[in-house]
Amino acid sequence: MSSSNFLFFSLALLIITPSPIQNFGSATLEEANGLLKWKASLEIPNNSLLSSWLPLPINSNASIPCTSWFGVVCNADESIQWLNLNSSGLKGTLHQFPFSLLHDLTHFDLYKNNFFGPIPPEIRLLSKLVYLDFQVNWFSGVIPPEIGMLASLEILSLTFNNLTGSIPQEIGRLTSLYQVALAYNLLQGELPPTLGNLTNLAYLYLHNNNLCGPIPPNLGNLKSLTDLVMTNNHLSGSIPSSLANLSNLQNMYLNENKFSGQIPTNIGDLKSLVDLQMSQNQLGGFIPSSLANLSNLQNMYLNENKFSGHIPSDFGNLKSLLGIEATHNQLSGFIPSSLANLSNLHYVYLGDNILSGSIPQGLGSLELFHLQMFDNQLSGHFPQDLCHGGKLQIFTVDGNQLTGPISRGLRNCSSLIRARFDRNHFIGDISNSFGIYPRLEYLDISHNNFHGQLSQNWSKCKNLTALVMAYNNISGSIPPAFGNSTRLQRLDLSSNHLVGEIPKEFGKMKSMLNLSLANNHLSGIIPTEFGYCELLEVLDLSTNRLNGSIPRSISQWKHIHYLNLSNNKLSENIPSEIGKLVQLTEVDLSQNLLTEEIPSEVQSLKNLQKLNLSHNTLSGSIPNAFTSLPSGIDIDLSDNELTGPVPLCSNFLNASLQGNPGLCGNFTGLKSCARQILKKKNDLFHHRIILVIVLPLIGAISLGFFICGLIAYRKQKRHSPQKPFGKEGGDYFSITSFDGGVAYDDILKATENFDEAYAIGTGGYGTVYKAQLQPNNVVAVKKLHSSSENVDQNGFLNEVGTLTNIRHRNIVKLYGYCSHARHSFLIYEYLEKGSLGSILRSDVLAKELDWLKRVNIVKAVANGLAYMHHDCSPPIIHRDISIANILLDSDYEAHISDFGTSKLLKLDSSNWTTIEGTHGYIAPELAYTMVVTEKCDVYSFGIVALEVIMGKHPGELPTLSADYLVLGNVGDSRIPLPSPQIEKKVNMVLNLSRACLNSNPKERPTMHQVSNLLMKA
């Protein structure tokens, strides 16, 4: 063979014979191109590190993805082995992911992105996978059974997704698993017994799902297990004694389930156990003394169960114990004195049991931070060594029968942050019972027998935000130095024997939200300096001896919603400045010496629910301004000197008006007005004259209009181009289809031209009327204030068109919008029970809302908001969530109303130039950012959820700590306590509301997360 032929043959052979290097490069390129195809299907943020994934040029170095691509790591053969894209802001699915190409992938990390859709069954093709982390995404659907084919898998993390279905039994094949994390999903069904095959498992996290049924006994085979976390599911049955075989177990979290029966006595064999949490179940019987064998135990949570009997005295052997919580049980007997042996003890929570006897001596020498024993039957004297350890921060013994002085035990407790001694029998001189507490934030000593005078030392507690001393025997005057308590937000000195004047220095308390000095013997005037307390929400000065006039400086109380100055000696007129207090819901000025006319400025009080001006000497007529107040409010004008006719207004149907001899009108107890009597005599004659004159005139005019209209219509039809729908001679007329179309005239006819008798509520944008169009066709019509009509009509109508397409069972249906030169209005679904606010404010109606109804109301509001925030495109931010905007149907199911109204009427405002919404529900960040986000709605939802459970607005939020925010402390006392099962649901609502009220918007949950968690309640 010639040399030229040999060279040609060699080159040809080189081309057609696959070399190992070329074959390898081709495989790497194929993997890279597969990832590029997947990347093309994703939404990627600007400046993403994934911008390094560039298409590979022809003849490029195949190792480029291994050396230059973000998140890609290759093995020695330069095949992709690791794919780490955590926290990259990616959004998309796994539909285009190249499962079939990445044969050597061992680590697959998508933690904290926005992936959605199912986990494909093709996951099985990643046969070498060791590490799989899809946590904190939006994956849905079931966990594919094919995951059981990943024989090498050691880490499986799918926490914080929307996965449904049951845990596949095929997971039991993965005997190499070291960690299984499936928490915070929507998984249901029973635990597969095959979990007992995972003998190498150290961490099992299944919390916050909907799992049910018993714990399989063969979980006792998991000898390597250190963490068993099943919190917040629906697991039931008894706790299997086989769990005592888990010799390496350090953390057992079984709380918030439905476990029943007793704690197995052999649980004391878990010598490695550090944390034991079994709270919020239905466990009962005695607490086994074998728990005292857990020498490494640091935390024991047994609260909210049905445990009875005594606390085992052997607990004094738990030398490592940091804390014990057994609140809300039926424990009885004495608190063991052996607890004083636990030198590491930091917290003891034993509240809401039936414990008796005294608080053991010696606890004060421990390093206690928290000691809570509220609502028991404890008696005896206050322990004098309580603060010897010098670290006590929270001490609550309210609701017991403790007695005696407390000064020696508490005076030098400088570490104290929060203390509650209320509802006991403590005695002693208030002036020397307490010291100066530099860290103290909250103190409640109400409902005791303290006497003596107030000390100026309270003003030296610089961190104090709440001081409650009501219902004692405190005397003397209020020290002016109290005005130096500039952080004080709540001061309640009511129902004592205080005398003297209210110090004008109170005007320096710029943070004050809630001030009550009621039921004392205070005299003098209301200081004008009170006006400087511009954040004031609640003021109660009732039942004192105050005189003088109501100061005009009240105009500065922009946030006040409760004002009670009743039963004093206040004189002169009601200042017109009261009209500036637009957030007022309740005003009581009764039993004073007020004179002159009722100011017409009361018409500005659009949120008013109760007005009591009785037992004064008010004169003149009732102003027509009352017709502008919300319909159905509670009005008491009795025992005054009012004269003239009562306005024809639905507000006065149930008003108290007796004791005003000069009043007249068609109301019970009042005489008829003279013109009404004359009217009855002349009605028949007048009717006949009117008919004779008017009927022919109407006929002639109607005929003329008909002829002119017909001519104009035909002329326009022939010569004019067709106008766009919605425009007729400059007037807008657009109603989205509702029962075939609702005519403008039909609404006017149904409401008798928006007569006040049909008004059912008033809001910031208009008055709502009930309109019955047909016997079974009732709607709510919001007639917009004239100031609300000056908007871009085209944009407005487009926005209405979008909102009318929204359909959700927990959102009030918007049927349409109608605009005319005379009136503009929105047409909504009518709901029979009215607003949640009106029900909660009524002692009678509130009793109809049992605890389950209240939980379901909160769930419904969360569902509606989650839909608006996460399922609407673009998302809808409500901007004004409050109990006034939650309506109930005949089954007490909640519906969110007024959604989108703020946006409709301010189409150019994604950022607010002024803070809008209802005071008391507005997120705090709006005061300085002026930017509205979904997290503003989340905050408002938190307030509403609390208000539903408390039966009243929560008011002062800083005191709502986790230990305090439980049903026993804050629940509406107008209804009886629920069963343990329902109480668990209520406490979940309270916990979630606290999370929603986080001062940092970024740390609040989304409404989607809230809704998902409430679904499990």
Inset, instruction - Working to the nearest 0.5 Å, report the span between CD1 of I886 and OG of S835. - result: 9.5 Å

Inset, instruction - May I have the step-by-step check of side-chain contact (heavy atoms from CB on, under 4.5 Å) for I394 and L371, ending in yes or no? - result: CA-CA 6 Å; I394 296 178; L371 181 59; over 6 Å; no

Could you tell me whether the side chain of [X] and the main chain of [Y] form a donor-acceptor pair under 3.5 Å?
X     : Y    : value
S940  : C936 : yes
N863  : N810 : no
D444  : D422 : no
R487  : N463 : no
N208  : N185 : no
N353  : Q330 : yes
H1008 : Y867 : no
S260  : Q282 : no
N161  : F134 : yes
N329  : L302 : yes

Inset, instruction - For a side chain to side chain contact (heavy atoms under 4.5 Å, CB included) with I881, tell me which candidate from I922, V938, D937 qualifies. - result: D937

Legend entry - side chain to side chain contact (heavy atoms under 4.5 Å, CB included) partner of L276, chosen from N299, N255, L297: L297

Legend entry - Crowding at NZ, K853 (>12 non-hydrogen neighbours, <6.0 Å): yes

Inset, instruction - Give a yes or no on whether R974 atom CZ has more than 12 heavy-atom contacts from other residues, nucleotides or ligands under 6.0 Å away. - result: yes

For the pair [X] and [Y], find out whether any cationic side-chain nitrogen is under 4.0 Å from an anionic carboxylate oxygen.
X    : Y    : value
D375 : R423 : yes
D972 : R854 : yes
K984 : E256 : no

Ignoring hydrogens and angles, state whether a donor on the side chain of [X] or [Y] is under 3.5 Å from an acceptor on the partner side chain.
X    : Y    : result
S157 : Q179 : yes
D352 : H328 : yes
D492 : N514 : no
Q188 : N210 : no

Inset, instruction - Go through the structure and list residues passing salt bridge (Lys or Arg N to Asp or Glu O under 4.0 Å) with D889, not counting sequence neighbours. - result: none

Which pair of non-hydrogen atoms, one from [X] and one from [Y], has the smallest distance, and what is that distance?
X     : Y     : answer
L992  : V1010 : CD1-O, 4.2 Å
I975  : A846  : CG2-O, 4.0 Å
Q583  : H561  : O-CB, 3.4 Å
L1013 : M988  : O-SD, 3.5 Å

Are any of the side-chain heavy atoms of [X] and [Y] separated by less than 4.5 Å?
X    : Y    : value
Q298 : V274 : yes
L187 : I167 : yes
K859 : V855 : yes
V538 : R490 : no
M950 : V970 : yes
T327 : E325 : yes
N137 : F116 : no

Legend entry - Validation row, ring centre F941 to ring centre Y939 under 6.0 Å: no

Inset, instruction - May I ask you to check whether Y921 and H953 place their ring centers less than 6.0 Å from one another? - result: yes

Inset, instruction - Name the orientation class of the two ring planes belonging to F369 and H346 (parallel below 30°, tilted from 30 to 60°, perpendicular beyond 60°). - result: perpendicular

Legend entry - Contacts of type ring-ring contact (aromatic ring centres under 6.0 Å, His included), residue Y301, not counting sequence neighbours: none

Inset, instruction - From the options Y205, F139, Y184, F115, select the one residue that forms a ring-ring contact (aromatic ring centres under 6.0 Å, His included) with F160. - result: Y184

